[in-house]
Amino acid sequence: MSKVLVSDPIDQAGIDILSQVAAVDVKTGLKPEELVEIIGEYDALMIRSGTRVTQEIIEAGTQLKIIGRAGVGVDNVDVPAATRKGIVVVNSPEGNTIAAAEHALAMMLSLSRYIPDANASVKRGEWDRKSFIGAEVYKKTLGIVGLGKIGSHVAAVARAMGMKLLAFDPFISTERAEQIGCQLVDLEVLIQQADYITLHIPKTPETTHLINTERLAKMKPNARIINCARGGIIDEEALAVALREGKIAGAALDVYEAEPLGESSLKSLGQQAILTPHLGASTTEAQVNVAIDVAEQIRDVLLGLPARSAVNIPGLSPNVLEELKPYMQLAETLGKLVGQLAGGRVELLNVRLQGELATNKSQPLVVAALKGLLYQALRERVNYVNASIEAKERGIRVIETRDASIKDYAGSLHLEATGSLGTHSVTGALLGGGEIRLTNLDDFPINVPPNQHMLFTLHRDMPGIIGKLGSLLGSFNVNIASMQVGRKIIRGDAVMVLSLDDPLPDGILPEIIKVSGIRDAYTVTL
Ligand SMILES: NC(=O)C1=CN([C@@H]2O[C@H](COP(=O)(O)OP(=O)(O)OC[C@H]3O[C@@H](n4cnc5c(N)ncnc54)[C@H](O)[C@@H]3O)[C@@H](O)[C@H]2O)C=CC1
Ligand SMILES: O=C(O)CCC(=O)C(=O)O
């Protein structure tokens, strides 16, 4: 039975799902060295933001197949290290969207009306109404940095509160921003015009310290800024100075450069600063959503099924994946075949989507073809996650082409590989029931199903050659399951495709090539 380690607090709904297929250990608050020590026993790791999954932990996770992050941000996981080891990393892209958006909105209103400090003063026994004269958000300008899932929901609610909306997001179109009721502007315009700024972007090298001393200096003196995205997008030291010097009116932070927040000049600020301990996703609803979403994906991967929200395999909706799955199987089979024909060191792979297939996404098919191509070298170590990286590291150049005009089958896939044994090509298609057919080999038309053990020969089409090869194989006790010849012209060059019941014994290939009329022979295991 598989074993899953849950190393952060996760809703019971997720544990129940995992328990259907695995033995689940919940061990929260582990020190990094404790995690390194035990991770080797587990097939899956489920975390929230509390566990840092470093390269060291990934290296020690010799059985790990999947890391599930019950939330959005995977910045606490060394995704490249996981990818190199073929470990799927999944998240829950939408499970906590509403929770995070509502937290940002709550922060905006709390900042405007000094709710945390007013509450604390009443609880201290005071009745001070003068110190808490707030500001209305109605008719004020909200600048949203990052108009993705959370930013868009913040926009919808803020618009209903009568706010004017500006947005900065270099990756979305003006039309999309307008649909959400936002005017797309440059970051500098947003910084200068907004009364409230809320950040909803990932932390990347480009967004680290996006809000720095210079930008804080350009903000309006009555401006308030909210960060419920990721720590480090705002330079915390610069922010503390700007707040203390009254350059801006307020800031509300849920996330920090280092968590938990230790020594920090932010802590000594007054009512102009509100600090929460990374609570954006902390609603009952969001925790149930993310736990179910991620646990289901871990369960599926442990059962050998694809994950719907993997961050390190080609992003595909479950529907598209379901539709493409048979073609991915075809691509993998063709990749295995052409890789063995072309020889170990393949330098170039050309993947051509033909007929109806030409309108599909090519990336998953390319990845599947590479997985097949590299199987000979890497066996079970290559999978959909690491196939592209492994290919790149081996210097395999990949070209993707499409030809919708080729209509001999509804949709077909053509792979051409150049390696140490020359350039070889193979085409395959799917029959009605999803059965794979090899339809072309090195430009010779054929029509054969793939078989575990196969022999291909390039020969001259002449009387007696089939018999000679049959007798030779018989003398080595090899049973032929089926045989087909493909040729373009009578008595010209031809290929022979044999499906064998047994692997070809060592030493027989040179004997086959000695048969008069046979120019080359290749053995393939699929
Ligand atoms: N505080 C908390 O507990 C939570 C925090 N988050 C964080 O909130 C952030 C946003 O999450 P989602 O909206 O779900 O992500 P999303 O991927 O839907 O949206 C992010 C948006 O940022 C934009 N973007 C990327 N780089 C940018 C840049 N340099 N400048 C401007 N825009 C840029 C993207 O185009 C995208 O539209 C993430 O960092 C996530 O980790 C999410 C959930 C809970
Ligand atoms: O797990 C949590 O509570 C943090 C959520 C979060 O930051 C995220 O989903 O990106």
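Atoms within each ligand, like the ligands themselves, are counted from 1 in listed order.
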Starting from the N and O atoms of ligand 1, collect every protein N/O partner closer than 3.5 Å and put each pair on its own line with the distance to 0.1 Å.
{"from": "ligand 1", "atom 1": "1 (N)", "to": "C228", "atom 2": "O", "distance (Å)": "3.0"}
{"from": "ligand 1", "atom 1": "1 (N)", "to": "D254", "atom 2": "OD2", "distance (Å)": "3.0"}
{"from": "ligand 1", "atom 1": "3 (O)", "to": "H278", "atom 2": "NE2", "distance (Å)": "3.3"}
{"from": "ligand 1", "atom 1": "3 (O)", "to": "G280", "atom 2": "N", "distance (Å)": "3.4"}
{"from": "ligand 1", "atom 1": "3 (O)", "to": "A281", "atom 2": "N", "distance (Å)": "3.2"}
{"from": "ligand 1", "atom 1": "13 (O)", "to": "K149", "atom 2": "N", "distance (Å)": "3.4"}
{"from": "ligand 1", "atom 1": "13 (O)", "to": "I150", "atom 2": "N", "distance (Å)": "2.9"}
{"from": "ligand 1", "atom 1": "18 (O)", "to": "K149", "atom 2": "N", "distance (Å)": "2.9"}
{"from": "ligand 1", "atom 1": "18 (O)", "to": "K149", "atom 2": "NZ", "distance (Å)": "2.8"}
{"from": "ligand 1", "atom 1": "35 (O)", "to": "D169", "atom 2": "OD1", "distance (Å)": "2.8"}
{"from": "ligand 1", "atom 1": "35 (O)", "to": "D169", "atom 2": "OD2", "distance (Å)": "3.2"}
{"from": "ligand 1", "atom 1": "37 (O)", "to": "G148", "atom 2": "N", "distance (Å)": "3.3"}
{"from": "ligand 1", "atom 1": "37 (O)", "to": "D169", "atom 2": "OD2", "distance (Å)": "2.6"}
{"from": "ligand 1", "atom 1": "39 (O)", "to": "I201", "atom 2": "O", "distance (Å)": "2.9"}
{"from": "ligand 1", "atom 1": "41 (O)", "to": "R230", "atom 2": "NH2", "distance (Å)": "3.3"}

What atoms of ligand 2 come closer than 4.0 angstrom to any heavy atom of G73? 8 (C), 9 (O), 10 (O)
Validation row: V367, M328 side chains within 4.5 angstrom (heavy atoms): no
Compute whether any side-chain donor of one residue and acceptor of the other, for H153 and T97, lie under 3.5 angstrom apart. no
Take every heavy atom of G280, measure it against each atom of ligand 2, and state whether any distance is under 4.0 Å. no
Would you kindly specify which portion of D8 sits under 4.0 Å from ligand 2, judged on non-hydrogen atoms: side chain, backbone, both or neither? neither
Walk me through whether L302 and D43 qualify under side chain to side chain contact (heavy atoms under 4.5 Å, CB included). CA-CA 8 Å; L302 292 179; D43 302 276; 3.8 Å; yes
Closest to atom 4 (C) of ligand 2 among protein heavy atoms sits H278 NE2, 3.4 Å
Could I get the full list of side-chain contact (heavy atoms from CB on, under 4.5 Å) partners for K218, not counting sequence neighbours? E188, I191, Q192
Nearest-contact summary for atom 3 (O) of ligand 2 - protein heavy atom, Å: R48 NH2, 2.8 Å
Run the numbers for me: atoms of ligand 2, each under 4.0 Å from some heavy atom of G71, listed by number. 9 (O)
Could you check T54, I57, L30 and say which one makes a side-chain contact (heavy atoms from CB on, under 4.5 Å) with V36? I57
Could you tell me which residues satisfy side-chain contact (heavy atoms from CB on, under 4.5 Å) with K31, sequence neighbours excluded, listed by chain and number? E33, E34
Using a 4.0 Å cut-off to any heavy atom of N96, which atoms of ligand 2 qualify? 5 (C), 8 (C), 9 (O)
Considering only non-hydrogen protein atoms, determine which one is nearest to atom 9 (O) of ligand 2 and report residue, atom name and distance to 0.1 Å. V72 N, 2.5 Å
Where does A281 meet ligand 2, judged by heavy-atom distances below 4.0 Å: at the side chain, the backbone, both, or neither? side chain
Quick one: look at E259 and ligand 2, take heavy-atom pairs under 4.0 Å, and tell me if it's side chain, backbone, both or neither. neither
Heavy-atom nearest neighbour in the protein, as seen from atom 8 (C) of ligand 2, with distance rounded to 0.1 Å: R69 NH2, 3.1 Å
Check the side chains of N227 and Y256 for a donor-acceptor pair under 3.5 angstrom, ignoring hydrogens and angles. no
Report the residues that fulfil side-chain contact (heavy atoms from CB on, under 4.5 Å) with Q272, sequence neighbours left out, ordered by chain and then residue number. L243, L269
